[in-house]
Amino acid sequence: GDSVTQMEGPVTLSEEAFLTINCTYTATGYPSLFWYVQYPGEGLQLLLKATKADDKGSNKGFEATYRKETTSFHLEKGSVQVSDSAVYFCALSYTSGTYKYIFGTGTRLKVLA
Amino acid sequence: EADIYQTPRYLVIGTGKKITLECSQTMGHDKMYWYQQDPGMELHLIHYSYGVNSTEKGDLSSESTVSRIRTEHFPLTLESARPSHTSQYLCASSEGGPGVSAFFGQGTRLTVV
């Protein structure tokens, strides 16, 4: 079945370090891909998205590129801040038919000052 | 700012009680979803709806039930709460379509004692 696989956390980094959180997917067809962020005690917020191959989503210094050939959508940020500490979820949805969203297991990021 | 609201935010209730978790959105979205989030952060889809009078069970079996009598309202009910129902419940909505993201409420943290 369709699925999203994320690297396991927690990921602990020092402030200003480079961040990569890996995400790969298995899907039939051509899904849209998303990264969501969840701060403590809150719901999920959309961070960025991409809808087709080679699209790059970006927001707040975070970037991810839709790679169809490697079925990946890795999240990157050049210089993390303490305020980026949160849980990050990779997700996919379909462009037609079922409108369900499939989420990865989440990766907890902790940034130390 | 997404307009999707969940009440209550926190609920502690005794075993055997009937509870209803409320979810409302003001965006006119047809698609609505309930996710259960376990302590390990993973999100499990338990119910979804594609419109008024349309409800389906999700990928994770749940003893809860839902209704969709109005577009903006998607309550979740547990007839007899048990400690195994203790979890975070997240409601989401979407207008569907390619590349369209889901909007999440802040969640209800349920504890059954």
Side-chain angles (χ1 to χ4, degrees), chain A residues 1-11 21 27 29-53 55-57 59 64 66 73 86-110, chain B residues 1-10 21 23-25 27 29-51 54-60 87-111:
Chain A
D2 303 323
S3 65
V4 174
T5 302
Q6 286 182 238
M7 63 186 287
E8 286 195 25
V11 174
I21 300 178
Y30 303 96
S32 297
L33 301 174
F34 306 87
W35 277 101
Y36 282 83
V37 58
Q38 185 178 32
Y39 297 102
E42 301 293 325
L44 277 68
Q45 302 173 25
L46 177 68
L47 182 59
L48 53 83
K49 66 180 182 183
T51 58
K52 61 183 187 297
D55 263 4
K56 178 187 281 188
N59 186 27
Y66 191 143
F73 193 54
V87 180
Y88 293 81
F89 291 89
C90 186
L92 67 81
S93 74
Y94 288 97
T95 57
S96 63
T98 176
Y99 295 102
K100 290 193 284 186
Y101 296 82
I102 298 173
F103 288 86
T105 53
T107 302
R108 186 179 300 278
L109 170 67
K110 185 172 183 180
Chain B
E1 191 83 16
D3 296 315
I4 178 165
Y5 307 100
Q6 289 186 244
T7 56
R9 288 290 310 275
Y10 304 92
L21 307 185
C23 176
S24 294
Q25 50 96 4
M27 296 172 283
H29 290 167
D30 285 331
K31 285 75 178 176
M32 295 190 75
Y33 312 85
W34 275 105
Y35 289 88
Q36 184 174 338
Q37 186 172 28
D38 61 28
M41 305 176 300
E42 192 164 357
L43 291 160
H44 303 283
L45 180 67
I46 52 175
H47 298 283
Y48 61 99
S49 168
Y50 289 161
S54 151
T55 61
E56 301 284 346
K57 289 191 177 296
D59 304 320
L60 179 70
S87 192
Q88 166 100 321
Y89 292 85
L90 293 170
C91 181
S93 73
S94 167
E95 60 183 355
V100 174
S101 61
F103 292 91
F104 281 80
Q106 291 187 298
T108 294
R109 182 162 297 282
L110 172 66
T111 302

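Proteins get letters first, then strands, A, B, ... in listed order; numbering begins at 1 in each. Just so you know, these numbers come straight off a predicted model, no measurement behind them.
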Which bit of [X] is near chain A, if near means a heavy-atom gap under 4.5 Å: side chain, backbone, both or neither?
X	answer
Arg9(B)	side chain
Asp38(B)	neither
Gln37(B)	side chain

| message | If I take atom CG from residue Leu46(A) and atom CZ from residue Phe103(B), how far apart are they, to the nearest 0.5 angstrom? | response | 7.5 Å

| field | Residues that Asn59(A) engages under side chain to side chain donor-acceptor pair (under 3.5 Å), provided they are two or more places apart | value | none

| field | Residue selection (most heavy-atom pairs with chain A, distance under 4.5 Å) from His44(B), Arg109(B), Gln106(B), Gln88(B) | value | Gln106(B)

Would you name the heavy atoms of [X] and [Y] that are closest together and state the gap between them?
X	Y	answer
Ser32(A)	Gly99(B)	OG-N, 3.0 Å
Val100(B)	Ser93(A)	O-OG, 4.5 Å
Tyr101(A)	Ala102(B)	OH-N, 3.6 Å
Lys100(A)	Tyr50(B)	CG-OH, 4.0 Å

| said: Is there a side-chain contact between Leu43(B) and Gln38(A) in this structure, where contact means two heavy atoms from C-beta onward sitting under 4.5 Å apart? | reply: no

| note | The salt bridge (Lys or Arg N to Asp or Glu O under 4.0 Å) partners of Lys52(A) (sequence neighbours excluded) come to Asp55(A)

| task | Can you tell which part of Leu44(A) gets under 4.5 Å to a heavy atom of chain B, answering side chain, backbone, both or neither? | result | both

| With a 6.0 Å cut-off on ring centres, are Tyr35(B) and Phe103(A) close enough? | yes

